[in-house]
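Before any comments, here is the structure.
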There are 2 protein chains.
Amino acid sequence: MATSAATATTKERILDATAALFMRYGYTGTGLKQIVADANAPFGSVYHHFPGGKEALGVEVIHRSGAMYEELVMSVFDAADDIVGGVRDCFAGAAEVLRATDYADACPIETVALEVASSNEPLRIATAEVFERWTAAASSRFSAAGFDAPAARELAIFVISQLEGAFVHARASRTTEALDVAGKIAATVVEAALRDLPVS
Amino acid sequence: MATSAATATTKERILDATAALFMRYGYTGTGLKQIVADANAPFGSVYHHFPGGKEALGVEVIHRSGAMYEELVMSVFDAADDIVGGVRDCFAGAAEVLRATDYADACPIETVALEVASSNEPLRIATAEVFERWTAAASSRFSAAGFDAPAARELAIFVISQLEGAFVHARASRTTEALDVAGKIAATVVEAALRDLPVS
DNA sequence: GTCTATACTTTGATAGAC
DNA sequence: GTCTATCAAAGTATAGAC
């Protein structure tokens with residue numbers, strides 16, 4: 001929003017175009033030529049800005065997209081009344097986006113993670129780092145809600161896994177049913193855990 | 001097991017090799033040349049047995065792999081004492097496989113679903129059909145355990161989404177933590193739902 | 001039906017003019 | 001730094017000998 005596609009630097013346009021393409025076609029399905037075409041950049045600029053080629057570009061895009069989703073989710077939690085509402089809103093928001101975009105885009109982290117975990121170690125590490133950052137961020141929210149560190153981490157891992165899994169299911173079947181069900185149950189789990197807290 | 005790689009027909013060897021490659025490299029990451037090399041088959045045999053080319057081969061592999069996983073999961077439930085144990089064993093088994101194979105293979109359905117949901121409609125439909133078959137199969141198990149149809153379907157969707165999501169997370173981070181946490185919470189959810197049943 | 005050779009396209013990557 | 005031309009390799013697909 002701060003920078004339009006027209007005024008952004010070449011490097012930023014390449015990063016943004018790559019992130020968008022990864023969401024739709026994944027890592028192997030996205031070609032460098034399509035990236036420069038979408039970014040309105042000359043082909044050579046990819047290797048000028050990313051001497052490491054497609055792999056280095058992919059690693060940077062994974063980290064950027066990961067940070068973007070982290071901010072997005074945190075803002076959803078900030079806007080919610082409590083932690084249970086935050087969890088519920090995350091699933092509802094994902095379903096909303098899926099419907100609004102006609103089920104076009106997936107989570108690029110998850111897609112790339114599945115594609116390259118066995119064949120490209122730098123990219124696998126990048127996806128694992130993003131998952132760990134998300135887990136840490138969500139954990140801090142659950143800690144703030146009163147859970148001790150191990151319980152907070154477990155709930156974080158549970159909610160993130162549930163969100164990712166339901167998202168794939170929903171996008172493939174072009175229905176938000178999986179996200180609706182997952183969100184309802186995830187909220188119930190967190191609510192029940194909250195009730196069992198010594199001091200609540 | 002019934003047919004060794006040496007005695008299987010050319011078509012079966014192609015299907016098996018493709019299924020194995022999809023688990024590791026996905027759909028776009030798997031080349032026809034690598035498929036025939038792994039299957040010890042001449043290149044032309046792909047188009048002889050699959051006139052629809054790579055896409056038709058992919059659709060058949062998705063259905064085959066989907067049916068294979070369905071049988072596998074059902075056998076896990078058959079071997080378990082009750083439905084809660086079955087759920088727990090599914091996650092434990094997935095973690096075990098991941099460790100034993102050094103986190104090499106992913107679920108091909110999920111990988112392909114993420115890669116092609118926006119770019120290849122026949123393949124997207126195939127993955128959606130597999131998800132729906134899994135849901136129906138798991139639903140019937142939950143129904144047999146005493147849940148009514150809507151509740152059984154919700155639990156089925158929840159468990160499958162949770163399993164898929166945790167699997168990606170675990171493989172990317174090369175730890176079974178996500179599957180361990182997901183399995184524990186999923187079993188707890190089913191157990192609690194079972195307790196709330198009118199007649200239990 | 002089996003298998004080989006090849007056509008055509010696209011891929012990631014590089015060299016070098018400007 | 002920007003941009004173009006081109007490379008070698010790999011991608012899918014096809015034609016046709018056997």
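Just so it is clear: chains get the letters A, B, ... in the order the sequence lines come, proteins before strands, and each one is counted from 1.
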Output all residues satisfying salt bridge (Lys or Arg N to Asp or Glu O under 4.0 Å) with [X], sequence neighbours left out; order by chain, then residue number.
{"X": "A:Glu121", "value": "A:Arg124"}
{"X": "A:Asp38", "value": "none"}
{"X": "A:Asp102", "value": "A:Arg174"}

5' to 3' contact window, DNA chain C with chain B (heavy-atom distance under 4.0 Å): C:dG1 to C:dA5
Selection [range] - residue pairs positive for side-chain hydrogen bond (donor to acceptor under 3.5 Å, both in side chains), sequence neighbours left out:
{"range": "residues 71-92 of chain B", "result": "B:Asp78-B:Arg141"}
{"range": "residues 145-158 of chain B", "result": "A:Glu177-B:Arg153, A:Lys184-B:Glu154, B:Glu132-B:Arg153"}
{"range": "residues 107-117 of chain B", "result": "B:Thr28-B:Glu115"}

Sugar-phosphate, base or nothing in reach of A:Thr28, heavy atoms under 4.0 Å: nothing
Contacts of B:Arg99 that satisfy side-chain contact (heavy atoms from CB on, under 4.5 Å) - sequence neighbours left out: B:Ala95, B:Glu96, B:Tyr103, B:Thr176
Set of side-chain contact (heavy atoms from CB on, under 4.5 Å) partners for B:Asp105, sequence neighbours left out: B:Met23, B:Arg24
Charged tip of A:Lys54 within 45° of A:Tyr47 ring normal and under 6.0 Å: no
Length of the NE2-C1' vector between A:His48 and D:dT4, whole Å: 16 Å
Side chain to side chain donor-acceptor pair (under 3.5 Å) partners of B:His48, counting only residues at least two apart: none
Base-paired stems that DNA chain C participates in, counting runs of 3 or more Watson-Crick or G-U pairs under 3.5 Å: C:1-18 with D:1-18
Atom pairs under 3.5 Å, N or O on each side, protein against nucleotides 13-15 of chain D: can you list them with distances?
residue : atom : partner : partner atom : Å
D:dA13  : OP2  : B:Tyr47 : OH           : 2.5
D:dA13  : OP2  : B:Lys54 : N            : 3.2
D:dA13  : O5'  : B:Tyr47 : OH           : 3.0

